[in-house]
Number of protein chains: 2
Amino acid sequence: MARRSDHSREELTQLTLSAARGIVEREGLRALTARAVAREIGYSVGTIYNLYDNIDDLIVHLAANVLDDLHAAMVPLPGGDVEDTLIGLARRYLAFTRANQRLWNVLFEHSRDADGELPEWYFDRIGALMGLIEELLCPLYGPDHAIERARSARVLWAGVHGIAMLAATGRLANITAEGVDAMVEDLVHHYVKGVREASGGAVRVENFST
Amino acid sequence: MARRSDHSREELTQLTLSAARGIVEREGLRALTARAVAREIGYSVGTIYNLYDNIDDLIVHLAANVLDDLHAAMVPLPGGDVEDTLIGLARRYLAFTRANQRLWNVLFEHSRDADGELPEWYFDRIGALMGLIEELLCPLYGPDHAIERARSARVLWAGVHGIAMLAATGRLANITAEGVDAMVEDLVHHYVKGVREASGGAVRVENFST
DNA sequence: ACTTTTTATTGAACATCGTTCAGAATTATA
DNA sequence: TATAATTCTGAACGATGTTCAATAAAAAGT
């Protein structure tokens, strides 16, 4: 019934987010209730609503947090071949989903806002991830094909995401872990080959230097 | 407080499912509560639990129902070119997601069963859809490459699904409806081209007949 | 130093949810 | 007709998201 100075407002919002994260990691999104978070941080329910608009708001912040981690886990080592680097990226995406299953589920299990749109800073995160791929695709397209390149980045992202999602939620029937890896490699391999083929034949770039 | 003979058990299960479907169509999955369904069919809450184990069970049945409709909307006209037929399929998939947004969302918004596995008859539905694509892919692979063909079917399915999902839930940033169409076509086009290229060069089948 | 204002924190309260189950009423069986 | 099996109800339980008057501490004003 009183004011405390155990934490600043910022500390408290961070503390709440960490608690939420812990709960999801341990027990899944369904266990993420306002009361559970309050209990975990040693404050009362009302305090949560003093920091976040509602539970969905908290979930979106958690999702953004997860996207940050995903980004950090994916920033690419600048390698040689486009295809190999892309497959490396995809592999790390899959590794992330496996190492953080419950957290990763948060990313698409929270469309429950009904008609409520996601905030812009959330899209910024997604855009950043997309940028990662777009940059890798540069060698595949001339500098005057930015639109196609952006589209390819989105297609690849969505493709890998789709595979990971259907696999993780068991909606793919008879798919093992290695099966998922094979699928992702198959996607990247054939798609990249198709793009290369479309834009001027199989032999390319290497020949220009001599 | 009494027994009624307004409907047989089968009629009642069907009635419940239809009511559930109507509620989701009109107000989304979040409005699908046991009490709402009971109200709609003119029975009490308990009756729902006499027909379905729990709400998740009802949702899974609804999802299977939607999968049936999706299947019906996608059975392909046997056309000529593989790529064109595939794109036609993908287009109809997208059309379905747009025409039945809220229903379609049910398909992947109900992974909340936690560790509860989905029933086999649910996978049968998915398998049937996959079979649709697999069959279309036959001309791309020799009859002795069933595994690769099955994998390609899954990859394409997951890809289209991923695109549709990210687009529908607004998790793709700056994507219009035409953008989605373009993405799906891009995916199918380049992927198929890549597969063709991989399995024996650009010129194929047509030359064998003469 | 004091008063006043602003801010943080609580927890009881409300409506709603999924789910259970004893009992009442009807149909089926003996 | 008597007994068993079934269907249906709705009150009840615990838990949820969310609100808000009341409270007390901190900050600002004098």
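Convention: sequence-line order gives letters A, B, ...; per-chain numbering from 1. Owing to the predicted nature of the structure, the values given are computational and were not obtained by experimental measurement. What you see below is based on every heavy atom in this structure, not just the backbone, and it leaves out hydrogens, waters and symmetry mates.
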Take the protein atom CD of E10(B) and the nucleotide atom C1' of dT6(D), then report the distance between them rounded to whole Å.
-> 14 Å
Would you kindly give the CG-to-P distance between L12(A) and dA8(C), to the nearest whole Å?
-> 10 Å
Which whole-number value in Å describes the distance from I59(B) CD1 to dG18(C) C1'?
-> 11 Å
Sorted by chain and residue number, the side-chain contact (heavy atoms from CB on, under 4.5 Å) partners of E25(B) (sequence neighbours excluded) come out as R21(B), L103(B)
Report the distance from atom CZ of R39(A) to atom C1' of dA15(D), rounded to the nearest whole Å.
-> 10 Å
Taken to the nearest whole Å, OH/Y43(B) to P/dT26(C) is 14 Å
For the pair made of CG in N50(B) and C1' in dG18(C), what is the distance, rounded to whole Å?
-> 16 Å
CD1/I48(A) to CD1/I55(A) distance, rounded to the nearest 0.5 angstrom?
-> 7.5 Å
Mind checking L32(B) for me? I need base, sugar-phosphate or nothing, with any heavy atom below 4.0 Å counting as a touch.
-> sugar-phosphate
For atom CG of L51(B) and atom C1' of dT7(D), their distance in whole Å | 10 Å
Between dA26(D) and S5(A), is there an OP1 or OP2 to side-chain N/O distance shorter than 4.0 Å?
-> yes
Please state whether the phosphate of dT9(D), meaning OP1 or OP2, lies under 4.0 angstrom from any side-chain nitrogen or oxygen of R4(B).
-> yes
Taking the side chain as C-beta and beyond, is there a heavy-atom pair between E83(B) and V188(B) under 4.5 Å?
-> yes
Is there a donor in the side chain of Y191(A) and an acceptor in the side chain of D186(B), or the other way round, less than 3.5 Å apart?
-> yes
Round to the nearest Å and state the distance from D53(B) atom CG to dT20(C) atom P.
-> 9 Å
Phosphate oxygens OP1/OP2 of dT16(D): is one of them under 4.0 Å from a side-chain N or O of T33(A)?
-> yes
Within the distance-only criterion (no hydrogens, no angle test), does the side chain of N65(A) pair as donor or acceptor with the backbone N or O of H61(A) below 3.5 angstrom?
-> no
Residue R9(A), side-chain heavy atoms: nucleotide from dG17(D), dT19(C), dA8(C) that is nearest | dA8(C)
side-chain N/O T47(B) vs dT9(D) OP1/OP2, d < 4.0 Å | yes
Consider the side chain of R35(B), meaning its heavy atoms from C-beta on, and name the nucleotide among dC17(C), dC8(D), dA13(C) that approaches it most closely.
-> dC17(C)
